[in-house]
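Report on the following structure.
Residue numbers run from 1 in the order of the sequence given.
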Amino acid sequence: MGPRTERPRARRSFLSTCAAALFLAVAAAAHSAAAASQRFEGPLAEAVAAGKSVVAVVEVAGGPRALTAPGQAGTPERWSVPVWTRDVSTGGVLLRTRAQLVVMGGGDWGSVVTGQLVRATGKLRPPVPGTEEAAILTASSGPGQATAVPILEKSAKELREQFVAASSFLAPDPRGLLPGMVTGDTTALDEGLETAMKGVGMTHLTAVSGANCSLVLGALLLACRGLRLPRLPAAALAGAGLWLFVLLVGPDASVLRAALMGAIAVVSLAGGRSGRGLSFLCLAVIGLLLTDPGLGSSFGFLLSVLATLGIIVLGRRIIDWMPGFVPRWAAAAVAVPLSAQLLCGPVIVLLQPQFSTYSLLANLIASPLVAPVTLLGTAAVPLVVLAPWAATVLIGVAGSFSAGVAATARFTSQLPGASLPWPEGIHGLVTMLFLSVLTYETVWACARPRQAGGLVMSCHRRLVSLIEALEDRAVLALRRWGFRQAPGTTWKMALRPGPGLERGAGRGRLGYSTKLSGRNPRWPLRRSEQPVPRHPMRPPGGT
């Protein structure tokens, strides 16, 4: 196949790619416009602007989030619950619309589960600028029972509550951290520990992220491989286990995205081909944006995508750079948090303009402890009901590892300069991006010192060649401008700066030339050999 046939094929491929991209952009724009119209136009937007009281049938879209005041202990008084509307009744008018709201309520609103249909009453008020919700519903009463609670979601909620109760015998730090690292329940997390983890960039451990899903999926795949199952049954079994884990922690939108991103990262690292993982990531991002265009303005979604992209693109390369005597698991323990942090760092400084000096160190120390906590804690959740004594043993072991994570967070947060101020806005993003690139190159230079030395020498040779080329161009320019070269000299001698300076013979330093002619010699003048007479000076006030 010659170049003449390859060019039309490349042109057709380019046109097809542009057409597909244009179609996806139009679809996402249409979906986004339809969602935005509910916020600014129509009866629902008018009801929100007027602050009307409504009775709505809503579907719970995520788990309740506690709204606690600083220093408050005990059960939270109010909860924030994301919901989707089914029916909204206001002023005798029934609106059948599907819009995203946030319900602010107390009491029983903390017991609702994802997928449950409830009846809510209260007042509508405008949402916080920059959020995806169409309105905030301030509930005036508890959730009314519209339909029965789904059995699976109810069972998962009861398991989470029993797991928290079963962990009550642990020390204060692991007692609050273990449920957060396993199920995402941070209601018992100590405020000081939470602040310490935030200061050193470890808050992702208390949220069900792609790392948790990757650990669960990777463990299931290794178990299937140990049983020598065929590829298709092994994939089905691992997928079912991941689905049960998502159901356990609550099938929120963020958890579903984390499960998808974690699965892509595991498949990419296990397959050894970053191109395939990158293709899966692009397809997942396109599908999620078409389903919910509002994700395009979500920092959580952006950080999830960047972390997965870093693991796919940079993680494999950093693992390959490691010397042969470094175990594979140790190389992965360094490469995964480093690659994710390199890409997420420039975005994190936009949200929190500070630099966590020991973030990488803290995550590297805690990374060997995260896997036992996640895997043992997840295995202990169903055993709380089936075999409480076995669950107690697993919780005790997992609690000891989580205590190590808590100690790491507290120790690194108290080191000098743990949190340094960082420029805000675009300046902070650019400087952090430069630091990420510099860190990546430094890691490469440390892992490949011989190649780094060869690169430095190659750059030096190119720089010398560039200087010589610039010098030759300067000589040509001088010739075009009319300068002539004196007989017996070179252009380097002719371009020597200063007419009265020349290099001392064999001394390696500049000396003054005394070969001057003319009536007006230039400075500096020759020093006279005759001593200059000095006249005595009388002291002040003398006679």
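The shortest side-chain heavy-atom distance between Ile348 and Cys344 falls under the 4.5 Å cut-off. Using a 4.5 Å heavy-atom threshold, the side chains of Leu170 and Ile395 count as touching. Val405 is listed as a side-chain neighbour of Met202, based on a closest heavy-atom distance under 4.5 Å. Side-chain contact between Pro127 and Val102 is absent, with no heavy atoms from C-beta onward closer than 4.5 Å. Under the 4.5 Å side-chain criterion, counting only non-hydrogen atoms from C-beta, Arg86 is in contact with Glu59. A heavy-atom distance below 4.5 Å is found between the side chains of Leu394 and Leu383. Taking 4.5 Å as the limit, every side-chain heavy atom of Leu220 sits out of range of all side-chain heavy atoms of Leu237. Taking 4.5 Å as the limit, some side-chain heavy atom of Phe355 sits within range of a side-chain heavy atom of Met432.
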For Met197 and Leu177: C-alpha separation, side-chain torsions, deciding distance, then whether side-chain contact (heavy atoms from CB on, under 4.5 Å) applies. CA-CA 11 Å; Met197 296 182 70; Leu177 184 59; 3.8 Å; yes
Might you work through the side-chain contact (heavy atoms from CB on, under 4.5 Å) test for Ser140 and Lys123, ending with a clear yes or no? CA-CA 8 Å; Ser140 57; Lys123 278 190 174 183; over 6 Å; no
Assess whether side-chain contact (heavy atoms from CB on, under 4.5 Å) is satisfied between Leu314 and Tyr440, documenting all intermediate values. CA-CA 9 Å; Leu314 304 181; Tyr440 180 77; 3.7 Å; yes
Would Val182 and Val381 satisfy side-chain contact (heavy atoms from CB on, under 4.5 Å), going step by step from the backbone distance to the final call? CA-CA 9 Å; Val182 175; Val381 173; 4.1 Å; yes
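Annotation: the span from Asp173 atom CG to Leu193 atom CG amounts to 5.0 Å, rounded to 0.5 Å. Of the inter-residue distances, the one linking Ser436 atom OG with Leu343 atom CG reads 7.5 Å to the nearest 0.5 angstrom. Rounding to the nearest 0.5 Å gives a distance of 6.5 Å between OG1 of Thr183 and CZ of Phe163. Separation of atoms CG (Leu342) and CG (Leu435) is listed at 8.5 Å; rounding is to 0.5 Å. Leu338 CG to Ser367 OG: the interatomic distance, rounded to the nearest 0.5 Å, is 11.5 Å. Distance check, rounded to the nearest 0.5 Å: CZ of Phe411 to CG of Leu361 gives 8.5 Å.
Although no hydrogens or angles enter the test, the distance criterion places a donor-acceptor pair under 3.5 Å between the side chain of Thr431 and the main chain of Gly428. When atom types are taken as modelled, the side chain of Ser413 and the backbone of Val200 share no donor-acceptor pair closer than 3.5 angstrom. Here the side chain of Thr374 pairs no donor or acceptor atom with the backbone of Ala371 at under 3.5 angstrom. Side-chain atoms of Thr408 never come within 3.5 Å of backbone atoms of Ala362 as a donor-acceptor pair (strictly under, hydrogens ignored). Here the side chain of Thr357 pairs a donor or acceptor atom with the backbone of Gly417 at under 3.5 angstrom. One N or O on the side chain of Tyr358 and one on the backbone of Pro416 form a donor-acceptor pair closer than 3.5 Å. With hydrogens and angles disregarded, no donor-acceptor distance shorter than 3.5 Å links the side chain of Thr90 to the backbone of Val54. Between the side chain of Arg78 and the main chain of Met104, a donor-acceptor pair closer than 3.5 Å is present.
For the pair Pro353 and Pro423, the tightest heavy-atom approach, listed with the atom from each and the gap, is CB-O, 4.3 Å. The nearest pair of heavy atoms linking Ala196 to Ala409 is CB-O, 3.9 Å. Taking all atoms of both residues into account, the shortest heavy-atom contact from Val347 to Leu302 is CG1-CD2, 4.0 Å. Summarising the geometry of Ala398 relative to Pro372, their closest heavy-atom pair is CB-O, 4.5 Å, with the distance given to 0.1 Å. Listed here is the closest heavy atom pair of Gly315 and Ser339: N-CB, 3.7 Å. Nearest heavy-atom pair across Leu178 and Ser167 is CD2-OG, 4.0 Å.
For the residue pair Ser80/Trp109, the side-chain donor-acceptor check at 3.5 Å is not satisfied. A donor-acceptor contact closer than 3.5 angstrom is absent between the side chains of Ser168 and Arg175.
For Phe169, the CZ atom is densely surrounded, since the number of other residues' heavy atoms within 6.0 Å is greater than 12.
Every residue was checked against the salt bridge (charged side-chain N to carboxylate O under 4.0 Å, His left out) condition with Glu424, not counting sequence neighbours, and none meets it. With sequence neighbours excluded, no residue forms a salt bridge (charged side-chain N to carboxylate O under 4.0 Å, His left out) with Glu194.
For Asp190 and Arg410, the salt-bridge test passes: some basic side-chain N is under 4.0 Å from an acidic carboxylate O.
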